[in-house]
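Everything numeric in this text was worked out from a predicted model, so none of it was measured. Each chain gets a letter, A, B and so on, in the order its sequence line appears, and its residues count up from 1.
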Amino acid sequence: MTVGAERLREALRGVVEALGLKVTDIWLERPREESHGDLATNLAMKLAPQLRRKPRDVAQEIIDRLALPPGVVTRVEIAGPGFINFWLATGAVADALRQVMAAGVAWGRSDAGGGRPVNVEFVSANPTGPLHVGHARQAVLGDALASLLESTGWRVTREFYYNDAGQQIANLVQSVQARIHQLKGRAAEIPAGGYHGEYIRDLAQGYLATHPEDPEASDLDAVRRFAVSELRQEQDRDLQALGVKFDVYSLETSLYTAGEVERTVNRLVAAGHAYDQDGALWLRTTDFGDDKDRVMRKSPDKGGEYTYFVPDVAYHVTKWERGFTRAINIHGADHHGTITRVRVGLQALEMGIPAGYPEYVLHQMVTVVKGGQELKISKRAGSYLTLRDLVDEVGADAVRYFFLMRKSDSHLVFDVDLATKQSEENPVYYVQYAHTRMAGIFRTAGLDPATMTGAEADLTTLREPEEQELIKRLGEFPGVVAKAAETLEPHRVVAYLEQLATAVNRWYHEHRVVGAPPELERGRLVLARGAQMVLANGLHLLGVTAPERM
RNA sequence: GCGCCCGUAGCUCAGGUGGACAGAGCAACGGCCUUCUAAGCCGUGGGUCGGAGGUUCGAAUCCUCCCGGGCGCACCA
């Protein structure tokens, strides 16, 4: 919500109706160029073709018919090819600050979700090793998206899915077993497709220390339970270090033990979309737009197991049956091939799940650069930068901020040297510093900012251009949050915060708060509090701290 | 070969459901600290928006083709 925009939009809508025309959406935004006013609309240019008149003439008629509430707009002009530009009254701006203060920490919240449930699944790493920087991007992205959805009225469940069954786990177990044998002085090889990281050795030692009854590691199931449990705990600790928490952890193995996989296959067969060929059980996914049919159960000579596609579908059935009418999955872009398969599998069940279920947010890969050199990420080779390394080195705030700066479908170069610098080159500090400065004002004034309500001053005293600009920025915040949540693009909030911080720093630099004439000082204290609050609200949405001092 | 994503300033990236002269940060250069933290502020230079067509009053944005980079196309997960 931009300052004054709603009332103006209503007035414009009234004109359109009076003209007997239809426009679904009235574009009314803040122009990039300051000399184009506070708000501008292209409405006349949109209507001109329908009316078969020149855009500027239409603009004039709109202005003539416009019934504006008093005290909102001080000036209107027709510009360029037919834009209508509006300038807002100081009083309207002061009103906006009052609204910000009245809402407090709730400023930015809205209710598009209406309390409906949404499941946000992210990270979902296999428990075969520590989390790496790609997981870090996903963890931060998913957590921020979840927060954005919460802020816009959705009831969010953060969920982590473990692929703790299948070949990769078998490889893990054999790798650990091989290391145990080596520790015992016997020749053993890490199997093909196995894991070579140092952590495998740690797991081997850990197993021997806790399982004296099995010094030969012959109980593969015990090795599996131990290794998976240890790795899950480590992943959990690392995520906590990043400030990411989950509400629900789902295990692939439990889909099997609970019979969900079997049940899903039976349903697919019953729905009539399955067939046998070459000894395998296939799903005719081409009925639903897939480019080829998919195997659900391998032929006996290939092992006779279910392919990974079946538990994936079964898992999403459980999401649906748990009441999640909306589900969002965050995955690396290398998973985009699974999107069609999962959706098509759900369609083939014919149980009323919408075609676009679940939604996907894909993110591109992360390249880590340190000392001008790219660090290769290879879990199997064992040489890679973990999420934990990154957090230990640059701090959770910088990690989160860096990963949220860019839209998810852009490749991201994480410059460790830059993020490590505790200096002005590091952008996260810019926003945090603006917050710190606001906190500093209240320290100097000897006031508790939390007690400010907005009622303690005449806010029309805030007439300086930097003040008007800052208040307008504060007013934009809810609209930015709503848009970021709607488009599932947290980087919009980062961009907004940098603009807000710029407005804050400019104002702070130009005008003193403490020591200004009493009436003005009171007004400026309110503005300082408003700015501090919105900065904090925004940073918290991203999971970044808003420090009082730096 | 087919599909998806990306190609915007020296670097990293915004802007992309069409709109007013293309933006930010960093890097470069020049100013500003007896005052609420200079982790800041102000200013200067810097771009054929990968290329070519097309649609439009108007294209970085939409369509087609091409070039370049990434990823995916298994009875692997």
Indicate, with a heavy-atom threshold strictly under 4.0 Å, whether A:Val514 touches base, sugar-phosphate, or nothing.
base
Take the angle between the ring planes of A:Phe402 and A:Phe414 and call it parallel below 30°, perpendicular above 60°, tilted in between.
tilted
Should the pair A:Arg53-A:Glu61 be classified as a salt bridge under the 4.0 Å nitrogen-to-oxygen rule?
yes
Distance check needed: B:C41 P versus A:His511 NE2, whole Å only.
14 Å
Work out how far the C1' atom of B:G43 is from that of B:G69, and round it to whole angstrom.
38 Å
Compare side-chain N and O positions of A:Ser410 against OP1 and OP2 of B:A14 and report whether any pair is under 4.0 Å apart.
yes
Heavy atoms from C-beta onward define the side chain here; which of B:A20, B:G40, B:C42 lies closest to that of A:His509?
B:G40
Would you say A:Tyr430 reaches B:C41's phosphate, i.e. side-chain N/O to OP1/OP2 under 4.0 Å?
yes
What's the gap between B:G15 and B:G3 when it is taken at their P atoms, as a whole Å value?
26 Å
Work out how far the C1' atom of B:A9 is from that of B:G45, and round it to whole angstrom.
11 Å
Salt bridge (charged side-chain N to carboxylate O under 4.0 Å, His left out): pairs with one or both residues in residues 426-438 of chain A, sequence neighbours excluded
none
Taking A:Arg341 first and then A:Asp312, would you say they form a salt bridge - that is, a charged N and a carboxylate O separated by under 4.0 Å?
no
Within the 4.0 Å heavy-atom criterion, would you say A:Met45 contacts the bases, only the backbone, or no part of the nucleic acid?
base
Scan every strand shown for a Watson-Crick or G-U wobble partner of B:G30, both distances under 3.5 Å, and answer none if you come up empty.
B:C42
Paired nucleotide for B:U17 [Watson-Crick or G-U wobble; both distances under 3.5 Å]:
none
Among the candidates B:C41, B:A20, B:A38, find the nucleotide nearest to the side-chain atoms of A:Glu510.
B:C41
Here the distance between atom C1' of B:U17 and atom CD of A:Glu29, to the nearest Å, is 12 Å
B:C4 glycosidic conformation (syn if within 90° of 0, otherwise anti) is anti
Looking only at atom C1', what distance separates B:U35 and B:U44, rounded to whole Å?
29 Å
Which base sits across from B:C2 as a Watson-Crick or G-U pair, both distances under 3.5 Å?
B:G72
Between B:G53 and B:A59, how far apart are the two C1' atoms, rounded to whole Å?
13 Å
pair_partner(B:C65), Watson-Crick or wobble, both distances < 3.5 Å, evaluates to B:G51
Rounded to the nearest 0.5 Å, how far does CE of A:Met452 lie from CZ of A:Phe442?
5.0 Å
What is the nucleic acid contact for A:Ala528, judged by heavy atoms within less than 4.0 Å: base, sugar-phosphate only, or nothing?
nothing
Between CZ of A:Phe402 and C1' of B:G25 the distance, given in whole Å, is 10 Å
Apply side chain to side chain donor-acceptor pair (under 3.5 Å) to A:His335 and A:Asn329, showing your working.
CA-CA 11 Å; A:His335 281 66; A:Asn329 292 356; over 6 Å; no
Rounded distance in Å - NE2 (A:His491) to C1' (B:G15):
9 Å
RNA chain B nearest-nucleotide lookup for A:Glu548 and A:Glu489: closer to the 5′ end is A:Glu489
Please identify which of these residues, A:Leu497, A:Leu535, A:Leu500, A:Thr545, meets the side-chain contact (heavy atoms from CB on, under 4.5 Å) condition with A:His435.
A:Leu535
For nucleotides 71-77 of chain B, give me one character per nucleotide, 5' to 3': B if any protein heavy atom sits under 4.0 Å from the base, S if the only such contacts are to the sugar-phosphate, - if neither.
BSSSBSB
Indicate, with a heavy-atom threshold strictly under 4.0 Å, whether A:Asn42 touches base, sugar-phosphate, or nothing.
base
Is it the case that the side chain of A:Tyr496 and the backbone of A:Arg473 share a donor-acceptor pair, with hydrogens and angles ignored and the cut-off at 3.5 Å?
yes
Which base sits across from B:U12 as a Watson-Crick or G-U pair, both distances under 3.5 Å?
B:A24
Please state the P separation for the pair B:C71 and B:C62 - nearest whole angstrom.
25 Å
The side chain of A:Glu498 is closest to which nucleotide in this list: B:A20, B:A24, B:G40?
B:A24
Assess whether a salt bridge exists between A:Glu359 and A:Lys319, defined as any Lys/Arg side-chain N lying under 4.0 Å from an Asp/Glu carboxylate O.
no
In whole Å, measure the gap between the P atoms of B:C6 and B:A14 for me.
10 Å
Taking only side-chain N and O atoms of A:Lys407, does any of them lie within less than 4.0 angstrom of OP1 or OP2 on B:G15?
yes
To the nearest Å, give me how far apart CZ (A:Arg30) and C1' (B:G23) are.
15 Å
Electrostatic pair A:Arg524-A:Glu521, nearest N-O below 4.0 angstrom
no
Between B:C57 and B:G40, how far apart are the C1' atoms? Round to whole Å, please.
45 Å
Please determine, for the side chain of A:Phe83, which listed nucleotide (B:A14, B:C42, B:A20) has the closest atom?
B:A20
Round to the nearest Å and state the distance from A:Leu412 atom CG to B:C6 atom P.
15 Å
Classify the nucleic acid contact of A:Arg506 as base, sugar-phosphate or nothing, counting any heavy atom under 4.0 Å across all strands shown.
sugar-phosphate
Could you give the CZ-to-P distance, from A:Arg406 to B:G7, as a whole number of Å?
13 Å
To the nearest angstrom, the CD1-P distance between A:Ile84 and B:G19 comes to 17 Å
